[in-house]
Amino acid sequence: MESQIKITKTSNSGLKDIDFDNIPLGTVFTDHMFVCDYENGAWQNPRIEPLKLIPTHPAAMALHYGQAIFEGMKATVGKDNTPLLFRPEENAKRFNHSAVRMGMPEIPEILFVEAVKRIVGVEHAWIPPQDGSALYLRPFMYADEPFIGMRAATSYKFIVICSPAGPFFTKKIKLYAETEFIRAANGGTGEAKAAGNYAAAILPTEKAKAKGYDQVLWLDANEHKYVQEVGTMNIFFKVNGRFITPSTDGSILKGITRDSVITLLKDKGFEVEERPITIDEVIQFHKEGMLEEAFGTGTAVAIAMVEAIGYKDEVITLPQENPVSHDMKTTLDEIKTQKREDQHGWIVPVPIEEKVGS
């Protein structure tokens with residue numbers, strides 16, 4: 001697979017213009033992108049080329065019927081400035097899970113992982129060295145067949161772009177439990193990282209921000225009482241010394257950071273319950289003095305500590321001290337930069353790509 005990926009490098013890098021101490025969120029992109037085409041029932045022509053606009057027919061099916069999925073990943077720097085990935089094979093599996101749900105072709109896991117490794121190998125100098133910073137990777141697939149009609153497309157593009165990023169959510173966040181809008185329902189696309197899921201979340205998130213909150217705490221579609229996710233993150237509650245996180249029941253994304261945190265919590269001797277939990281339980285735990293910490297987990301943020309939760313006319317404020325949340329954040333960051341031993345084989349070193357073409 002490695003020898004089949006053609007690499008064409010730019011002659012005019014934008015790296016010289018980047019200040020890694022001041023990176024605007026989501027607006028700076030690296031010099032290159034990985035592209036692969038799905039045509040005639042097969043993935044073909046994998047390549048790395050200079051970042052550029054993508055010609056798109058106005059009838060491209062993704063624009064009309066929403067066949068578009070993505071993943072979020074990060075590359076960090078470890079010992080001897082070696083580029084590192086965190087559990088990329090899990091992203092490949094989840095990407096294909098999303099593809100199947102959206103009626104799109106799966107991509108061989110070996111191709112997905114190799115694509116991410118090769119683009120990071122090319123763009124390694126773009127990985128910010130500062131603590132908490134990383135090179136954010138966005139693999140995505142969309143239907144580019146020009147056709148107006150309700151069916152699965154026959155042609156797609158798989159692309160990986162990269163964006164250097166500083167730390168997300170450097171302060172604690174406030175959540176608003178949403179009782180009108182929903183994120184997902186069983187049987188829907190909640191377990192898929194489909195672009196439309198996030199489009200539907202924009203309006204309620206803006207409404208929550210207008211009320212003084214940072215993110216939406218999503219509740220279930222049927223009864224509006226079971227906690228699901230936080231914005232684009234999974235959620236954990238520390239209750240009387242143990243942790244509770246909503247079970248992934250078909251409407252909650254199977255977070256890779258979530259899975260990693262569960263493992264790390266158990267490593268440290270904590271009991272972790274994966275079960276449905278209601279917003280009323282959360283409020284009652286708070287009233288009884290049992291709610292000790294809460295945090296969100298996700299690729300972009302790693303760990304986001306929760307300061308307060310608003311529900312209807314009630315606001316609960318969590319304790320100021322978050323020892324386990326801080327420990328989880330530190331542990332993850334140190335594993336991802338090889339400052340702490342990786343006991344679970346999560347870290348994948350990436351060879352630096354110096355060749356002009358292959």
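Heads up: numbering here begins at 1 and tracks the sequence.
No donor-acceptor pair under 3.5 Å is formed between the side chain of Asn197 and the backbone N or O of Ala184. Of the possible donor and acceptor atoms, none in the side chain of Lys193 sits under 3.5 Å from a partner among the backbone N and O of Gly72. Remark: side-chain polar atoms of Glu292 are not paired, donor with acceptor, to backbone N or O of Pro319 under 3.5 angstrom. Although no hydrogens or angles enter the test, the distance criterion places a donor-acceptor pair under 3.5 Å between the side chain of Trp43 and the main chain of Glu106. No donor-acceptor distance shorter than 3.5 angstrom exists from the side chain of Asn96 to the backbone of Pro108, with no hydrogens or angles considered. Asp80 places no side-chain N or O within donor-acceptor distance of the main-chain N or O of Thr82, the cut-off being under 3.5 Å. Between the side chain of Asp220 and the main chain of Tyr226, a donor-acceptor pair closer than 3.5 Å is present.
Pairing each heavy atom of Ser260 with each of Arg87, the nearest pair is OG-NH1, 2.8 Å. Shown here for Glu178 and Pro204, the closest heavy-atom pair between the two residues is OE1-CB, 4.0 Å. The minimum heavy-atom distance between Ser251 and Gln228, with the atom names listed, is OG-NE2, 3.0 Å. Here the closest heavy-atom approach between residue Leu318 and residue Glu293 is recorded as CD2-C, 3.8 Å.
In this structure, the separation between CZ on Phe237 and CZ on Phe285 is 10.0 Å, given to the nearest 0.5 Å. Atoms CD and CD1, from Glu145 and Ile148 in turn, are 10.5 Å apart once rounded to the nearest 0.5 Å. With values rounded to the nearest 0.5 angstrom, Glu109 atom CD is found 10.5 Å from Ile107 atom CD1. Residue Thr248 holds its OG1 atom at 9.0 Å from CG of Leu253, rounded to the nearest 0.5 Å. The structure places CD1 of Ile347 at 5.0 Å from CG of Asp342, a figure rounded to the nearest 0.5 Å. In this structure, CG on Leu63 lies 8.5 Å from OH on Tyr142, to the nearest 0.5 angstrom.
Paired with Phe140 under the rule side chain to side chain contact (heavy atoms under 4.5 Å, CB included), one option of Ile69, Ile161, Val160 passes, and it is Ile161.
Residue Glu321 qualifies as open at atom CD: its count of foreign heavy atoms under 6.0 Å is 12 or below. More than 12 heavy atoms of other residues, nucleotides or ligands sit less than 6.0 Å from atom CG of Asp17. By the neighbour-count criterion of 12 heavy atoms within 6.0 Å, atom CG of Asn45 is densely surrounded, having more than that number from other residues, nucleotides or ligands. For Lys211, the NZ atom counts as densely surrounded, since its 6.0 Å shell holds more than 12 non-hydrogen atoms of other residues, nucleotides or ligands. Around NZ of Lys174, the count of heavy atoms belonging to other residues, nucleotides or ligands within 6.0 Å does not exceed 12. In Lys254, the NZ atom is crowded: over 12 heavy atoms of neighbouring residues, nucleotides or ligands sit closer than 6.0 Å.
Following chains of ILVMFWY side-chain contacts shorter than 4.5 Å, one can reach Tyr311 starting from Leu291, so the two form part of one hydrophobic cluster. Residues Ile18 and Ile119 share a hydrophobic cluster, clusters being chains of Ile/Leu/Val/Met/Phe/Trp/Tyr side chains in contact below 4.5 Å. Taken together through direct or relayed side-chain contacts under 4.5 Å among Ile, Leu, Val, Met, Phe, Trp and Tyr, Ile235 and Met328 form parts of separate hydrophobic clusters. Under the 4.5 Å side-chain heavy-atom criterion for Ile, Leu, Val, Met, Phe, Trp and Tyr, Ile159 and Phe34 are members of distinct hydrophobic clusters.
Looking at His224 and Ile182, their side chains come closer than 4.5 Å, going by heavy atoms from C-beta outward. Using a 4.5 Å cut-off on side-chain heavy atoms (C-beta onward), Val324 and Leu265 make contact. Residues Val301 and Ile173 fail the side-chain proximity criterion, which asks for heavy atoms closer than 4.5 Å.
Using cut-offs of 30° and 60° on the angle between ring planes, the pair Tyr176 and Tyr213 is tilted.
In terms of the side chain to side chain donor-acceptor pair (under 3.5 Å) criterion, Lys209 has no residue partners (sequence neighbours excluded). Partners of Phe147 according to the ring pair (Phe, Tyr, Trp, His ring centres under 6.0 Å) rule, which considers only residues two or more places apart in sequence or in another chain, do not exist here. With sequence neighbours excluded, no residue forms a ring pair (Phe, Tyr, Trp, His ring centres under 6.0 Å) with Phe20. Residues passing the salt bridge (Lys or Arg N to Asp or Glu O under 4.0 Å) test with Lys207, sequence neighbours excluded: none.
Salt-bridge annotation for Glu307 and Lys172: absent, with no side-chain N of the basic residue lying under 4.0 Å from a carboxylate O of the acidic one. Salt bridge annotation for Arg183-Glu229: present, with a cationic side-chain nitrogen under 4.0 angstrom from a carboxylate oxygen. Comment: Glu274 engages Arg258 in a salt bridge, judged by a side-chain N to carboxylate O separation of less than 4.0 angstrom.
Sequence neighbours left out, the pairs with a member in residues 53-73 that pass side chain to side chain donor-acceptor pair (under 3.5 Å) are Gln67-Tyr156, Glu71-Asn91, Glu71-Arg94. Sequence neighbours left out, the pairs with a member in residues 36-51 that pass salt bridge (Lys or Arg N to Asp or Glu O under 4.0 Å) are Asp37-Arg47, Asp37-Lys157, Arg47-Glu49, Glu49-Lys52.
Aromatic rings from Phe95 and Phe112 are positioned such that their centres are separated by under 6.0 Å. Under the 6.0 Å cut-off for aromatic ring centres, Phe236 and Phe270 do not qualify, their centroids lying 6.0 Å or more apart.
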